[in-house]
Amino acid sequence: MCGIIGITGHKDAARLTYLGLYALQHRGEESAGIVSYDRRNMHSHQGMGLVADIFDEAAIRSLRGDISVGHVRYSTTGSSLQRNIQPFLVCHKRGSIAIAHNGNFTNTSVLRERLEENGSIFQTTMDSEIIVHLLAQSKHKDCKQRVIEALAPLEGAYSLVMLLDDILVGARDPHGFRPLCLGKFDGSYVLASETCALDLMQAEYIRDIEPGEIVFITKQGLASIKPFPKRKHAFCIFEYIYFARPDSNIFGKNVYLTRKRLGEQLAKEAPAKNCDLVMPIPDSGSYAAMGFANKSKIPQEIGMIRNHYVGRTFIQPSQFIRDFRVKVKLNSIKDAINGKRLAVVEDSIVRGTTSKARVKTLYEAGAKEVHMRISCPPITCPCFYGIDFPTKKELIAANRSVNEVKKFMGLDSLEYLSLEGMLAAMLLPACEFCTACFNGDYPTKIPRHFSKKMLEKKG
Ligand code: 5GP
Ligand code: MG
């Protein structure tokens, strides 16, 4: 997963991009970068870590120009390397290209092999770099035609923003897996992964970039084309479940309200009748827990507090302090939990390891019973489109039954929302979504060598 931003025609382009990235930090904490263009030269600043640590006033000032793109990275393909930081910037004979990409292609190896046979030398291990080579190899003089030619062979998921010198390009794959929206600020166009970025920039939301749409934004205005055959929409439902920020509208609908509805639906399907309290696992489980408590009429309590200052790296305490990794992030409120039967609401279980440790701390805090309710179905299939669970081996629900997961976590009961229930809670028709991680119904062809390794079960 990743977050992307683009803005053109604003004297404070880089500063606004920085704000946008700040709002999109949840989409990737590994690295961040901004490239700007002053209509003569491209300027770039990037680094590993959080947006606030990478950029300071001097860095923002050095990013001159009125056009800018930015990226926060959560590595899914390509390892965590300095050279894999985006936006990816290159200069070639037709000018400069800077690209920021969210999503994964499913035909990366075929394309990369073909390009390498034709002489391309790749500088990174990211699939996104393929677009740059395809653009560079195109013989078309017209920029629009070059972009169409470069995007045409791509399969899988992409929402992207690019600078082709002074042209800001935004594009979304024909299935529309990942979000991308268009806004306006001070007469300038803005592209962003989520509307929460527009809010922080004080930009006005105009519309979503449509699946299969490419927009070219210049001083003359915005030109939109849809050059590719129509495909079935496949909006990532996991954006609603976990990934996007609740204050964003994704695919035109609000995330917070959707999560609350998921919780209400969960309470209808899997009530926890004899529980004293509904308790979320913060922060991601909090919204579904609200819906669950409202519907079930069980009082809601906060039984765990999240420490918001946990960075990616911290000094390990000595061996005898066990459970440090769990407790440093979430600490239980013993007096609120002790002796209580808890209905614990969580947005999702992926690998099961964090949840197991958290459940253990609840019992240690004196919980009499812990009944876990999950606001999505069991995740049984890997994602090839950019969510960070690429193999079946690591997915606990792909390798164990619900009852086995319950036992593994030491719970009194465990229930998941049904697929139908999840879809019913959405504010868009079911046919608009990709639900492959829950039912294996992949909207694109998955190359065999790719799928064989990824679909292998544990054991
Ligand atoms: P697990 O028990 O599977 O180890 O962890 C579940 C927790 O991870 C839940 O709190 C859920 O909100 C969170 N989660 C779900 N999807 C992702 C993801 O793609 N990346 C990360 N970092 N956390 C996730
Ligand atoms: Mg969580």
Side-chain angles (χ1 to χ4, degrees), residues 241-242 246 259-260 262-310 317 319-379 395-397 399-418 421:
I241 307 287
Y242 167 77
R259 285 189 193 159
K260 246 173 76 175
L262 286 164
E264 287 168 12
Q265 184 68 29
L266 183 60
K268 273 197 239 169
E269 288 184 15
K273 286 205 185 85
N274 297 322
C275 285
D276 306 307
L277 314 168
V278 172
M279 204 200 98
I281 303 263
D283 288 331
S284 53
S286 305
Y287 317 99
M290 282 175 75
F292 191 96
N294 288 347
K295 193 82 196 167
S296 63
K297 308 262 187 317
I298 301 171
Q300 189 183 345
E301 281 280 0
I302 291 172
M304 277 185 156
I305 297 297
R306 163 134 186 225
N307 182 336
H308 286 271
Y309 306 99
V310 181
Q319 273 298 321
F320 66 89
I321 307 180
R322 283 177 289 129
D323 296 334
F324 173 78
R325 276 178 179 280
V326 183
K327 284 185 181 150
V328 74
K329 192 162 172 191
L330 287 179
N331 190 29
S332 319
I333 307 175
K334 291 197 183 68
D335 292 352
I337 290 175
N338 193 17
K340 299 286 192 329
R341 293 166 300 181
L342 308 176
V344 172
V345 181
E346 175 63 301
D347 61 286
S348 56
I349 298 175
V350 183
R351 294 166 188 84
T353 44
T354 350
S355 304
K356 181 185 166 91
R358 288 170 180 171
V359 167
K360 187 166 158 249
T361 65
L362 292 175
Y363 285 112
E364 282 168 0
K368 198 159 120 200
E369 291 173 20
V370 181
H371 301 268
M372 202 159 191
R373 298 293 181 267
I374 310 296
S375 69
C376 70
I379 299 172
L395 295 170
I396 188 164
N399 299 291
R400 296 177 199 241
S401 68
V402 174
N403 197 37
E404 285 167 342
V405 177
K406 183 200 103 176
K407 279 196 188 139
F408 170 78
M409 303 227 260
L411 289 160
D412 288 289
S413 79
L414 169 67
E415 292 199 56
Y416 290 85
L417 184 61
S418 68

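For this chain, numbers begin at 1 and follow the sequence in order.
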Check: Should Glu404 and Lys407 be marked as a side chain to side chain contact (heavy atoms under 4.5 Å, CB included) after you check the CA-CA gap, both sets of side-chain angles, and the distance that decides it?
Finding: CA-CA 5 Å; Glu404 285 167 342; Lys407 279 196 188 139; 5.6 Å; no
Note to self: Walk me through whether Cys376 and Leu417 qualify under side chain to side chain contact (heavy atoms under 4.5 Å, CB included).
What the structure shows: CA-CA 5 Å; Cys376 70; Leu417 184 61; 5.5 Å; no
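Pairing each heavy atom of Ala336 with each of Leu277, the nearest pair is O-CD1, 3.7 Å. Nearest heavy atoms, Ser348 versus Ile241: CB-CG2, 4.4 Å.
Taking CD1 of Ile349 as the start and CE of Met372 as the end, the distance is 5.0 Å to the nearest 0.5 Å. To the nearest 0.5 angstrom, Ile374 atom CD1 is 6.0 Å from Ser355 atom OG. Note: Lys268 NZ to Ser296 OG = 13.0 Å, rounded to the nearest 0.5 Å. Interatomic distance, CG of Leu342 versus CD1 of Ile298, reported as 11.0 Å (0.5 Å rounding). The distance from the CG atom of Asp335 to the NZ atom of Lys340 is 9.0 Å, given to the nearest 0.5 Å. Distance check: Asp412 CG to Lys406 NZ gives 7.5 Å after rounding to the nearest 0.5 Å.
By the side-chain contact (heavy atoms from CB on, under 4.5 Å) test, Met304 pairs with Met279, Ile281, Pro282, Leu330, Ser332, Arg358, Thr361, Leu362, sequence neighbours left out.
A cation-pi arrangement is present between Arg400 and Phe408, with the terminal nitrogen or guanidinium carbon under 6.0 Å from the aromatic centre and inside a 45° cone about the axis.
Here salt bridge (Lys or Arg N to Asp or Glu O under 4.0 Å) pairs that include residues 273-294, with residues two or more places apart or in two chains, are Asp276-Arg341, Asp283-Arg306.
Checking Glu269 against Ser418 by side-chain atom types alone, a donor-acceptor pair falls below 3.5 Å.
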